[in-house]
Amino acid sequence: MKWIVAVIQPHRIDAVREALVGINIQGLTVTEVKGYGRQKGHTEVYRGAEYQINYVPKLKLEIAVDGDLVDSAVEAIASAAQTGKIGDGKIFVLDLESALRIRTGETGGASL
Amino acid sequence: MKWIVAVIQPHRIDAVREALVGINIQGLTVTEVKGYGRQKGHTEVYRGAEYQINYVPKLKLEIAVDGDLVDSAVEAIASAAQTGKIGDGKIFVLDLESALRIRTGETGGASL
Amino acid sequence: MKWIVAVIQPHRIDAVREALVGINIQGLTVTEVKGYGRQKGHTEVYRGAEYQINYVPKLKLEIAVDGDLVDSAVEAIASAAQTGKIGDGKIFVLDLESALRIRTGETGGASL
Amino acid sequence: MIDSGDTAWILTATALVLFMTLPGLALFYAGLVQSKNILSVLMHCMAIACLASVLWVIAGYSLAFAEGSAWVGGLSKAFLSGVTRSSESGTIPETLFIMFQMTFAIITPALMVGAYVERIKFSAVLLISGLWIFAIYAPVTHWVWGGGWLAEMGVLDFAGGIVVHVTAGVSALVIAWQLGPRAGFPDGVKPPHAPWMVMVGAAMLWVGWFGFNAGSALSAGADAGMAMLVTHLSAAVASLVWMVIEWVRFGKPSLVGIVTGTIAGLATITPASGYVGPVGGIVLGLAGGIICYLAVDLVKRKMRIDDSLDVLAVHGIGGATGTLLAAVFAAEAFGGSGLGEATMGSQFYVQTVGVVATAIFSGVVTLIICYIAKATTGLRASDDAIIEGLDFADHGENGYNK
Amino acid sequence: MIDSGDTAWILTATALVLFMTLPGLALFYAGLVQSKNILSVLMHCMAIACLASVLWVIAGYSLAFAEGSAWVGGLSKAFLSGVTRSSESGTIPETLFIMFQMTFAIITPALMVGAYVERIKFSAVLLISGLWIFAIYAPVTHWVWGGGWLAEMGVLDFAGGIVVHVTAGVSALVIAWQLGPRAGFPDGVKPPHAPWMVMVGAAMLWVGWFGFNAGSALSAGADAGMAMLVTHLSAAVASLVWMVIEWVRFGKPSLVGIVTGTIAGLATITPASGYVGPVGGIVLGLAGGIICYLAVDLVKRKMRIDDSLDVLAVHGIGGATGTLLAAVFAAEAFGGSGLGEATMGSQFYVQTVGVVATAIFSGVVTLIICYIAKATTGLRASDDAIIEGLDFADHGENGYNK
Amino acid sequence: MIDSGDTAWILTATALVLFMTLPGLALFYAGLVQSKNILSVLMHCMAIACLASVLWVIAGYSLAFAEGSAWVGGLSKAFLSGVTRSSESGTIPETLFIMFQMTFAIITPALMVGAYVERIKFSAVLLISGLWIFAIYAPVTHWVWGGGWLAEMGVLDFAGGIVVHVTAGVSALVIAWQLGPRAGFPDGVKPPHAPWMVMVGAAMLWVGWFGFNAGSALSAGADAGMAMLVTHLSAAVASLVWMVIEWVRFGKPSLVGIVTGTIAGLATITPASGYVGPVGGIVLGLAGGIICYLAVDLVKRKMRIDDSLDVLAVHGIGGATGTLLAAVFAAEAFGGSGLGEATMGSQFYVQTVGVVATAIFSGVVTLIICYIAKATTGLRASDDAIIEGLDFADHGENGYNK
Ligand SMILES: Nc1ncnc2c1ncn2[C@@H]1O[C@H](COP(=O)(O)OP(=O)(O)O)[C@@H](O)[C@H]1O
Ligand SMILES: Nc1ncnc2c1ncn2[C@@H]1O[C@H](COP(=O)(O)OP(=O)(O)O)[C@@H](O)[C@H]1O
Ligand SMILES: Nc1ncnc2c1ncn2[C@@H]1O[C@H](COP(=O)(O)OP(=O)(O)O)[C@@H](O)[C@H]1O
């Protein structure tokens with residue numbers, strides 16, 4: 001199993017969710033994060049003083065998938081999240097050793 | 001060492017914490033997340049219009065543990081977090097290569 | 001590639017960011033988290049009743065780096081985040097299998 | 001002769017009506033939008049309030065209240081010419097009458113903000129509001145309160161069912177229609193980001209409305225007392241009505257629902273508040289609650305126009321309902337102050353003419369104003385700005401920086 | 001004869017007292033609960049306000065103020081029968097007196113919300129509040145202000161120490177006791193989710209309380225002026241007292257603490273506000289601050305009843321303290337308006353009778369009401385609803401959707 | 001003779017001015033700081049309000065308004081000695097005059113909070129505010145309104161341009177200078193954590209300012225009416241000015257900007273509000289908007305003093321501008337109430353003396369007060385406390401516990 005971590009533009013979340021459901025991936029966990037990268041933050045001006053906000057709000061998606069689904073999952077996310085602008089985000093994949101559904105005690109692929 | 005990621009119902013956090021302390025695990029890092037899965041969100045009705053909230057608030061726990069503690073940790077979390085209802089959450093385990101305590105520079109198991 | 005997870009004191013974020021930029025690491029993803037560990041929370045008293053807040057606000061940094069940068073990155077974070085007080089936080093390193101830049105489709109080190 | 005008691009009350013009432021807009025209505029609306037647009041809504045209310053104040057002094061007051069034709073007042077009081085410290089208006093200083101009326105000229109265009117939130121250009125807000133005050137608000141005020149043709153006909157509109165709620169409600173619908181809906185309308189839009197704030201705004205509106213309705217007596221006596229009582233009763237009853245409907249229909253009465261009922265009840269009683277007695281207050285609350293509830297569904301589901309925060313359904317329909325029912329419940333038989341020489345039937349006719357004529361006039365002129373906006377400032381914000389949120393896109397700020 | 005100045009002030013005072021509940025008290029309480037219950041608290045306040053208004057007009061006003069026995073008023077003014085636009089009550093319209101008193105009938109049951117937050121069923125809130133207004137509030141008001149037996153005895157209660165604070169405080173305790181505590185009480189409950197909101201609510205209560213106390217003079221003259229001054233002084237002193245106690249005891253004075261002191265000072269001065277001078281205001285602030293502080297601990301620690309937001313300790317005990325001390329500080333020796341034919345001793349006796357009788361009556365009747373609620377709507381929300389939060393469980397909404 | 005109408009209005013105005021501080025100003029400032037310091041700001045405002053009230057009664061009122069020398073009033077009215085329920089002050093009860101003036105003594109030191117947020121010790125806030133009221137506020141009030149030397153010279157200061165805004169503004173700057181800047185000043189500080197809250201506070205200030213300025217007429221008649229009108233106009237115009245400047249300069253008009261303009265306009269009109277006509281109101285709004293905008297930059301960029309929330313630039317400079325321009329626009333030629341025997345030139349000289357003398361006096365005495373604070377409580381919070389946030393460090397609480 002693999003552990004996919006995707007950082008995306010917040011407004012792409014619905015599209016990405018749909019794409020994942022399209023390949024039958026229902027489960028994921030989403031966190032609001034602050035991203036630092038090439039896409040720079042912005043400047044806010046209050047009463048003539050400039051304030052640098054040097055992060056950009058992003059959403060981080062974490063998705064545990066069976067090993068054979070990982071490529072299609074990554075592809076689904078990538079194409080749904082893409083707008084072509086700087087700051088579209090990244091997809092990272094880590095190895096996942098085990099998974100367990102708390103309610104039933106099921107493990108492995110069956111638990112996802 | 002292992003990296004445990006557990007997604008649980010928010011109101012189980014105190015029980016899970018106690019269970020972990022019971023097996024002498026003090027350290028963990030908790031994040032508020034939005035979960036998508038079998039447990040569906042809900043519908044809110046404002047002025048006759050229906051709004052789909054298709055996620056469920058969850059807590060994500062991240063815990064670095066020594067390899068030989070991982071099984072008892074997973075078990076402790078699972079039994080403390082379980083209510084038997086859909087949406088109880090999951091426990092994922094990844095491999096952890098190294099750990100460091102910033103304050104002292106200690107590494108490995110001693111740093112946890 | 002490696003996946004660095006660092007939990008730090010919130011007010012050290014600017015120093016850590018600078019240190020990372022200093023070794024040419026621009027990208028990272030930051031989450032507000034609640035930390036449990038040796039540093040205990042505090043007690044708040046409202047109208048004579050005591051409330052235990054048993055976590056401490058922390059920031060969690062996630063940084064994907066090329067394998068050969070990992071040591072200098074960890075060191076940069078550690079020295080910038082250190083204040084010497086309990087609760088300075090931890091740095092964890094996991095293995096990262098792949099990375100992809102959504103916008104361009106670049107993968108591996110080029111995508112970071 | 002100036003009466004210090006009457007003056008004291010209208011000074012207070014003026015403060016209360018300003019409080020309705022700033023921050024009452026602003027919070028009521030701001031809580032209903034997404035968090036990325038909260039500041040834009042507050043900004044709209046604030047900027048409209050400032051702009052309307054200046055325009056009111058420049059010519060609005062004169063067009064509404066100076067001697068003129070049946071259709072519009074003259075310019076003899078433009079720039080408050082001739083108004084001095086000692087000018088009187090009834091038992092209060094004229095300066096105070098100008099101020100009191102100014103707070104009405106502020107809240108009326110501000111009500112329309114509810115129609116166009118989350119997607120309008122800020123420059124269009126200013127342009128539309130400015131033109132609207134001169135082209136619609138001032139003339140209609142003249143018709144009803146300034147001695148114009150509706151006043152001649154004997155129309156009853158104590159505190160602005162026609163002048164405020166019908167004008168704003170109909171115009172709101174037209175702007176919403178011209179602007180197009182928010183993304184996802186009607187079923188995919190995001191829920192109100194802060195229902196608690198909606199309630200706070202509604203509570204302030206309720207309190208402030210005492211100044212609006214009981215202040216419209218322009219004196220501190222029997223009329224003000226009764227106006228306050230019936231205003232309050234209508235608000236309370238309509239709130240309970242809305243609560244019961246939701247409870248029956250969805251199994252859960254919501255906070256946003258009950259306070260929407262409050263506003264519906266307040267808008268409905270407004271035109272009648274100086275004429276009816278407690279029975280009228282209760283019946284108008286009932287009617288306002290039920291009819292506005294149905295109107296909300298009608299506009300969203302049947303007409304499919306994204307009048308986002310239900311300006312027409314709650315204010316326009318409420319105000320029209322109250323205006324028509326005033327003809328009935330002003331009768332002494334129902335504890336009202338009496339219809340004078342009119343009969344219920346004849347008065348009802350006059351009221352209907354007032355509502356219909358004002359609705360048509362407001363609709364047509366607002367449409368023209370929308371075209372002017374499209375041709376100059378543009379009406380709709382860019383998709384990028386809408387996605388990013390108007391707070392940052394138009395004002396360079398975020399509502400919450402925690 | 002109607003006096004326009006008096007009327008102007010009572011119109012304003014009525015708006016101020018409504019403002020105390022909506023949104024003042026609502027925010028004060030909402031900030032003290034967990035974020036998942038914020039809307040339920042606001043909803044309680046809103047729904048009670050609407051319900052109380054309607055019940056007041058139906059029969060509450062009549063039971064309180066119409067001719068009747070020593071125990072309760074008659075029904076001659078039910079549905080405001082006989083009240084017309086020109087009815088007078090002293091120097092103000094009777095419609096306005098009804099409205100002013102209505103705002104008291106609104107806030108009193110709303111105060112009790114603090115006892116049962118985060119765990120009561122919404123239907124029980126409505127049932128209890130409705131019965132309570134008829135069975136407790138209206139009769140006790142009659143006793144004290146409607147010419148009933150306490151009035152006959154010469155009890156001093158200017159703005160509601162007995163009528164408002166003792167009734168609400170004791171009843172709150174009984175409901176809290178019947179309902180059982182929140183999970184984790186007393187040491188594991190969650191801290192106030194928004195102390196800033198608590199302060200905003202308290203500030204609004206302070207401002208509104210000017211209408212409550214100085215408005216109770218029912219005229220705009222010397223009594224109103226002095227009432228405002230002593231009200232303010234008591235609030236300021238009690239706030240400082242609470243701040244100092246916390247500073248000494250915990251090393252840090254808290255915002256929630258100082259504003260709790262404010263409310264304690266305001267509740268304490270209420271019954272005495274029309275009778276005492278500045279010295280009385282300061283002493284009552286001192287007494288209220290210290291005694292209420294001790295009472296909070298007593299109820300929580302000794303009695304172990306989860307009167308969650310300290311309604312008894314702050315309002316009930318404060319109101320009782322002020323009622324008793326009024327017998328002392330109303331004396332001319334302390335700059336008060338004088339005790340007439342009474343002596344401090346005899347007056348103190350009357351005051352004690354008033355407090356004790358009202359406390360027992362409120363306690364017993366509220367207990368009966370709780371049993372009625374248990375037998376019909378049920379009292380306590382389900383554990384699932386409590387865990388989920390009443391906002392979504394009962395009202396289908398969330399306070400914060402950011 | 002007491003006039004019930006005048007009394008009604010000043011009762012209301014007193015409530016409005018208290019509302020300006022609690023919660024108006026408190027929210028205005030609290031929204032501008034970081035979320036970890038929100039409660040400390042609210043606490044400062046609350047504690048100052050309570051402290052000032054008590055000090056006012058002890059000796060402040062007497063030092064300001066009792067018979068005395070040209071420099072300061074005597075102690076004959078200390079502890080309100082001699083003030084009874086029937087004492088009169090003009091057409092209102094003296095108790096009410098004391099209360100009305102007390103709300104000014106509350107807000108003036110509270111204005112200074114804006115200079116020292118996010119880094120001052122709470123004990124220093126109390127010490128400085130307490131000393132300041134006796135050493136600066138009471139004497140200057142005596143100079144201008146208590147028959148002191150500036151009154152003798154015929155200075156015009158209707159509602160406190162000198163007494164309130166110049167004193168607070170200059171003192172604020174001195175404290176900010178003594179305290180040192182926030183970390184990262186001027187370009188690395190954190191943006192306002194809740195612009196929405198800033199707007200809500202500003203809106204409340206606007207509404208409350210009607211009580212401040214129109215209440216300063218101390219009667220409900222022509223002067224109050226005109227004061228309200230010009231106050232409103234100045235606020236509206238200055239808001240638009242600020243909006244336009246930002247729009248031109250940065251491409252985006254901000255909400256924080258427009259409401260800063262509002263406050264600038266209100267501060268500017270304050271001293272002139274009883275003397276000028278609508279033209280004066282508009283011109284002072286223009287002048288206040290532009291000059292305060294420039295002053296903000298000047299203090300931050302040129303002087304590099306971290307007067308964090310621009311107390312000098314907005315209040316001090318605004319108040320001074322209005323004081324000087326009052327000499328011009330009070331002339332009948334501009335629709336003002338006339339300069340009596342003075343000419344514009346002579347009046348301008350008097351106004352200048354008033355501003356300059358008060359500024360120097362306030363600056364010097366505040367400096368001494370700062371040294372006293374440094375020698376006793378200490379002035380600046382520890383770095384740890386500042387990093388942690390004053391909310392928890394000083395008050396043991398968090399503003400948001402969601
Ligand atoms: N090395 C990294 N490790 C973790 N997260 C990263 C890294 N680089 C970028 N990110 C995340 O991805 C987001 C987008 O990256 P950015 O460089 O701005 O644009 P792009 O995705 O177009 O390359 C960042 O805001 C940050 O959250
Ligand atoms: N494949 C997945 N990857 C990451 N998180 C998941 C995944 N599936 C579920 N989750 C998380 O676990 C939570 C519970 O899952 P759900 O399917 O609703 O119920 P259950 O735990 O009973 O199977 C979800 O809300 C989501 O946060
Ligand atoms: N085993 C662990 N797994 C994950 N996070 C941990 C673990 N132990 C500590 N942490 C995180 O690190 C933070 C600091 O740890 P703590 O034990 O308080 O102090 P120190 O860093 O000085 O050892 C904690 O608040 C928590 O967020």
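Worth saying up front: this structure is predicted, and the values here are computed from it rather than measured.
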> Under a 4.5 Å heavy-atom cut-off, does chain F meet the side chain of Leu27(D), its backbone, both or neither?
Replying inline: side chain

> Do the ring planes of Tyr137(D) and Trp56(D) sit parallel (below 30°), tilted (30 to 60°) or perpendicular (above 60°)?
Replying inline: tilted

> In terms of the angle between their ring planes, are Tyr400(F) and His193(F) parallel, tilted or perpendicular, with boundaries placed at 30° and 60°?
Replying inline: perpendicular

>> Quick check on Ser123(D) against chain F: is it the side chain, the backbone, both or neither that has a heavy atom closer than 4.5 Å?
In response: both

>> Heavy-atom cut-off 4.5 Å, strictly under: side chain, backbone, both or neither for Pro23(D) against chain F?
In response: both

> chain D contacts: which residues in residues 199-210 of chain F have a non-hydrogen atom closer than 4.5 Å to it?
Replying inline: Met199(F), Val200(F), Ala203(F), Met204(F), Trp206(F), Val207(F), Phe210(F)

> In terms of heavy-atom pairs under 4.5 Å with chain D, which of Ala222(F), Pro195(F), Gly225(F) leads?
Replying inline: Pro195(F)

> Are there residues of residues 229-254 of chain F that reach to under 4.5 Å of chain D by heavy atoms, and which ones?
Replying inline: Leu229(F), His232(F), Leu233(F), Ala236(F), Val237(F), Ser239(F), Leu240(F), Met243(F), Trp247(F), Lys252(F), Pro253(F), Ser254(F)

> Which region of Leu18(D), side chain (C-beta onward) or backbone (N, CA, C, O), has a non-hydrogen atom less than 4.5 Å from a non-hydrogen atom of chain F, or is it both or neither?
Replying inline: both

> Which residue pairs satisfy the side chain to side chain donor-acceptor pair (under 3.5 Å) criterion with at least one member in residues 5-30 of chain D, sequence neighbours excluded?
Replying inline: Asp6(D)-Thr91(D)

>> Can you tell me which portion of Val279(F) sits under 4.5 Å from chain D's heavy atoms? Options are side chain, backbone, both or neither.
In response: neither

> Is there a donor-acceptor contact under 3.5 Å from the side chain of Gln34(D) to the main chain of Lys190(D)?
Replying inline: no

> Of the listed residues (Met43(D), Arg85(D), Met197(D)), which shares the most heavy-atom pairs with chain F below a 4.5 Å separation?
Replying inline: Arg85(D)

> By a 4.5 Å heavy-atom criterion (distance strictly below it), what part of Leu80(D) contacts chain F: side chain, backbone, both, or neither?
Replying inline: side chain

> How long is the gap from OG on Ser53(D) to CD1 on Ile48(D), to the nearest 0.5 Å?
Replying inline: 11.5 Å

> Measuring heavy-atom distances to chain F, does Ala47(D) have an atom under 4.5 Å in its side chain, in its backbone, in both, or in neither?
Replying inline: both

>> I'd like to check the side chain to side chain donor-acceptor pair (under 3.5 Å) partners of Lys77(D); sequence neighbours left out, ordered by chain and number.
In response: Glu94(D)

>> Under a 3.5 Å cutoff, is there a donor and acceptor pairing between the side chains of Ser4(D) and Asp3(F)?
In response: yes

> Is a side-chain donor-acceptor pair under 3.5 Å present for Ser273(F) with Thr270(F)?
Replying inline: no

> Highest number of heavy-atom pairs under 4.5 Å with chain F: which of Val83(D), Asp391(D), Val41(D), Asn398(D)?
Replying inline: Asn398(D)

>> With a 4.5 angstrom heavy-atom cut-off, is it the side chain or the backbone of Ile98(D) that approaches chain F, or both, or neither?
In response: side chain

> Between Ile2(D), Leu11(D), Asn401(D), which shows the greatest number of heavy-atom pairs under 4.5 Å with chain F?
Replying inline: Leu11(D)

> Just by modelled atom types, is the Gly274(F) backbone N or O under 3.5 Å from a matching donor or acceptor in the Asp223(F) side chain?
Replying inline: no

